There are 2 protein chains.
Amino acid sequence: MADVAERAGVSAITVSRALHHPDRVSERTRAAIDAAIAELGYVPNLLAGGLASTNTRIVSMIVPYVTHGVFADAIQGASDAFDDTGFSVLLGNSGGSPQREETIVRNLLGHRPAGVLVQGANHTEATRRILQNAAVPVVEMGTLPARPIDMAVGYSNHEAARTMTRFLALRGRRRIAFVSVPPAENDRANERLRGFKLALEEMDLAFFPELVFHTRYGIPEGREALAYLLDRPEPPDAVFCASDLWAYGMVSECARRGIKVPDDIAITGFNDQELASETEPGITTIRVPRYEIGRVGGELIMKRIEGLAADKVVDLGFKLIERGSA
Amino acid sequence: MADVAERAGVSAITVSRALHHPDRVSERTRAAIDAAIAELGYVPNLLAGGLASTNTRIVSMIVPYVTHGVFADAIQGASDAFDDTGFSVLLGNSGGSPQREETIVRNLLGHRPAGVLVQGANHTEATRRILQNAAVPVVEMGTLPARPIDMAVGYSNHEAARTMTRFLALRGRRRIAFVSVPPAENDRANERLRGFKLALEEMDLAFFPELVFHTRYGIPEGREALAYLLDRPEPPDAVFCASDLWAYGMVSECARRGIKVPDDIAITGFNDQELASETEPGITTIRVPRYEIGRVGGELIMKRIEGLAADKVVDLGFKLIERGSA
DNA sequence: CTGAAAGCGCTAACAG
DNA sequence: CTGTTAGCGCTTTCAG
């Protein structure tokens with residue numbers, strides 16, 4: 001910056017001002033500075049700027065996996081929200097472990113981000129404390145936490161699961177299976193299970209522990225889940241899948257086995273990914289605002305950075321998409 | 001850090017050493033410092049550290065889209081490569097535009113990353129210059145550029161497309177259609193088209209401009225492409241899809257229309273995404289090292305940061321996966 | 001509209 | 001093994 005200043009015949013602070021508040025600098029000096037910057041290929045050192053101003057253009061974002069379509073969409077949403085603001089996303093992925101999340105949060109906060117976006121509300125107590133003390137806007141994404149760290153944007157996994165389960169019950173289903181990841185790992189999964197159980201209770205249906213199947217994400221895993229469930233002494237007449245991938249595997253496996261969906265068995269998904277409309281019949285599922293969660297999360301952060309008031313908890317809702325598999 | 005030093009009864013530099021070179025500090029003072037850090041909840045300011053040492057633990061990564069599975073895998077790979085190193089990924093997404101990429105590169109370099117990972121080799125001249133002058137390791141991912149900026153990791157899109165096209169020709173296909181994004185946008189697409197044309201020539205087959213279809217990524221777009229191609233006066237006997245999504249749409253559309261794959265028409269994909277094995281018949285496609293590209297890219301950066309020699313260009317190869325659709 | 005001085009929080013280099 | 005000094009490149013504050 002000193003070089004630029006010298007070449008433009010001004011002091012460093014004037015260069016700084018030309019960069020951040022072009023209107024506070026005369027047109028002539030600004031032109032000279034711009035020319036000098038271009039000639040020298042000057043790239044401002046954001047570390048120095050951030051240090052001096054205690055004020056960066058970094059937003060940290062922590063997700064469990066980048067490869068899971070739901071989170072990739074959220075990252076894209078946040079990234080888009082920062083378009084043309086000069087803000088960038090500093091990414092961390094926790095692999096779904098609150099312990100790793102804590103390590104990552106600690107590390108990412110070292111970069112003094114202007115805000116933090118974090119997936120879910122399942123944090124260690126230390127993570128909560130650290131984030132609260134960080135004195136930057138924090139958005140928890142994807143759920144509506146009872147006790148938000150700061151802000152949150154998402155939808156109610158509990159209500160979504162409840163809605164879907166009631167839908168199945170109202171269609172006359174009596175033995176509803178539940179397929180999910182191990183709930184200990186994952187607060188979304190927990191919420192969905194709670195909503196599922198509540199709906200069963202409300203509809204006077206029994207909960208069958210032997211019809212609960214935990215597995216990893218994936219289409220083949222859906223097939224395995226179906227095989228397992230059909231092997232029970234009393235198989236289910238419906239399956240609530242907590243992800244479309246499993247539902248896809250099941251519907252395609254049913255086609256292969258000649259099992260009629262939804263006549264013989266109803267199958268529902270979750271997330272409404274691109275796949276969900278590709279089976280025959282299409283998968284009845286819950287559409288969630290994957291991209292919008294990241295986008296609105298980013299916007300909430302930006303609002304607060306600009307000193308504006310921002311909502312504490314934004315419920316983006318969900319939608320039951322009926323396609324034929326239930 | 002001053003507070004920590006005071007509380008531990010040492011100077012700031014000793015705290016710094018305890019953090020970065022624990023073995024250069026006596027066990028007692030280290031314990032005292034660790035205690036002080038824990039009590040105070042001290043989070044080191046990486047901006048100050050980076051400024052003082054001209055040495056950050058940030059690696060910038062620029063991809064066209066986060067939501068495209070291929071790039072999401074690469075991000076995950078790079079992120080995993082940095083596990084337990086304290087390095088983080090600073091993400092930029094260009095939307096596929098070299099012009100936007102230039103803006104992003106400029107911005108991300110301001111954070112003085114220790115390395116840069118960038119998708120593809122299709123950059124503006126200014127981007128090339130800026131990256132070369134940045135004096136940090138740079139890895140171009142996903143292609144094997146003729147004129148790499150610094151390092152590269154990927155596979156030959158040209159050879160992959162050529163291999164697949166020859167495969168179709170050897171199976172007796174004569175009128176091979178080509179479905180891709182508009183090539184101007186995208187160097188991978190360009191490379192694939194070149195490989196496709198070369199193979200046609202080698203196999204004494206004609207290239208039919210009317211059998212080239214450009215569209216966006218997506219399953220429905222695959223269906224549209226198929227409809228278009230079947231509507232030609234002389235329809236193709238094979239379709240080379242530059243992405244599995246289109247191939248998926250086509251194979252499922254063929255099933256719907258009662259067209260026999262591969263007897264009536266052969267269909268091939270590219271990337272080997274999860275979908276590719278889900279159609280009936282499965283999609284014959286090119287498996288590319290999506291995750292490994294990010295992973296190895298990250299490792300190359302790390303090697304160079306550690307002062308080790310690193311390969312200039314790493315060819316991770318590709319593999320033709322034969323599944324039945326061709 | 002422009003500048004001088006001071007300092008952001010840390011680490012390199014040198015000393016002891 | 002520990003400390004002192006100086007300075008990284010920028011912005012804040014206060015002047016002019």
Side-chain angles (χ1 to χ4, degrees), chain A residues 1-34 36-37 40-58 86 106-114 133-136 305, chain B residues 1-34 36-37 40-58 86 106-107 109-114 133-136 305 307:
Chain A
M1 183 182 258
D3 297 347
V4 173
E6 191 181 9
R7 193 173 192 111
V10 296
S11 71
I13 183 62
T14 303
V15 175
S16 173
R17 275 198 277 256
L19 252 25
H20 299 295
H21 313 281
D23 49 313
R24 291 190 206 166
V25 164
S26 79
E27 196 156 333
R28 282 194 51 229
T29 51
R30 201 187 332 149
I33 289 168
D34 288 349
I37 287 175
L40 265 39
Y42 168 66
V43 178
N45 186 326
L46 268 21
L47 296 173
L51 180 59
S53 65
T54 63
N55 203 326
T56 66
R57 284 172 179 251
I58 289 178
R106 221 182 278 273
N107 180 257
L108 293 190
L109 279 180
H111 294 101
R112 297 294 184 268
N133 293 340
V136 294
I305 289 171
Chain B
M1 181 181 260
D3 296 348
V4 173
E6 193 181 9
R7 192 171 193 115
V10 295
S11 70
I13 187 66
T14 305
V15 176
S16 172
R17 276 198 276 257
L19 253 24
H20 300 295
H21 312 283
D23 48 313
R24 291 189 206 165
V25 164
S26 80
E27 196 157 332
R28 282 194 51 229
T29 51
R30 200 187 332 147
I33 288 168
D34 288 349
I37 287 175
L40 265 40
Y42 167 67
V43 178
N45 186 325
L46 268 22
L47 296 174
L51 181 59
S53 65
T54 61
N55 202 325
T56 66
R57 285 173 178 251
I58 290 178
R106 223 183 277 272
N107 180 256
L109 280 180
H111 294 101
R112 296 297 182 267
N133 294 340
V136 294
I305 289 172

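Every chain is numbered from 1, with letters handed out A, B, ... down the list of sequences. This is a predicted model, so every value here is computed, not measured.
Checked by atom type and distance alone, the side chain of Arg30(A) pairs as donor or acceptor with a backbone atom of Pro22(A) at under 3.5 Å.
Residues Ser16(A) and Leu19(A) have side chains not in contact (no heavy-atom distance under 4.5 Å, counting atoms from C-beta outward). Using a 4.5 Å heavy-atom cutoff, the side chains of Val4(A) and Ile33(A) are in contact. Residues Arg112(B) and Val43(A) meet the side-chain proximity criterion, which asks for heavy atoms closer than 4.5 Å.
When DNA chain D is scanned 5' to 3' for any atom under 4.0 Å from a heavy atom of chain A, the first and last hits are dG9(D) to dT12(D).
Residue Pro113(B) comes nearest to Val136(B) through the heavy atom pair O-CG1, 3.4 Å, listed as atom of the first residue, atom of the second, then distance. The two residues Ser11(A) and Ala5(A) come nearest to each other via the heavy atoms C-CB, 3.6 Å.
Expressed to the nearest 0.5 Å, how far CE of Met1(B) lies from CD1 of Ile13(B) amounts to 7.5 Å. Note that the OG1 atom of Thr56(A) and the CG atom of Leu46(B) stand 11.5 Å from one another [nearest 0.5 Å].
Looking at heavy-atom distances under 4.0 Å, Asp3(B) makes no contact with the nucleic acid at all.
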## Note on the structure
A correct 5'-to-3' footprint of nucleotides 7-15 of chain C, with B, S and - meaning base, sugar-phosphate only and no protein heavy atom under 4.0 Å, is BBBBSB---
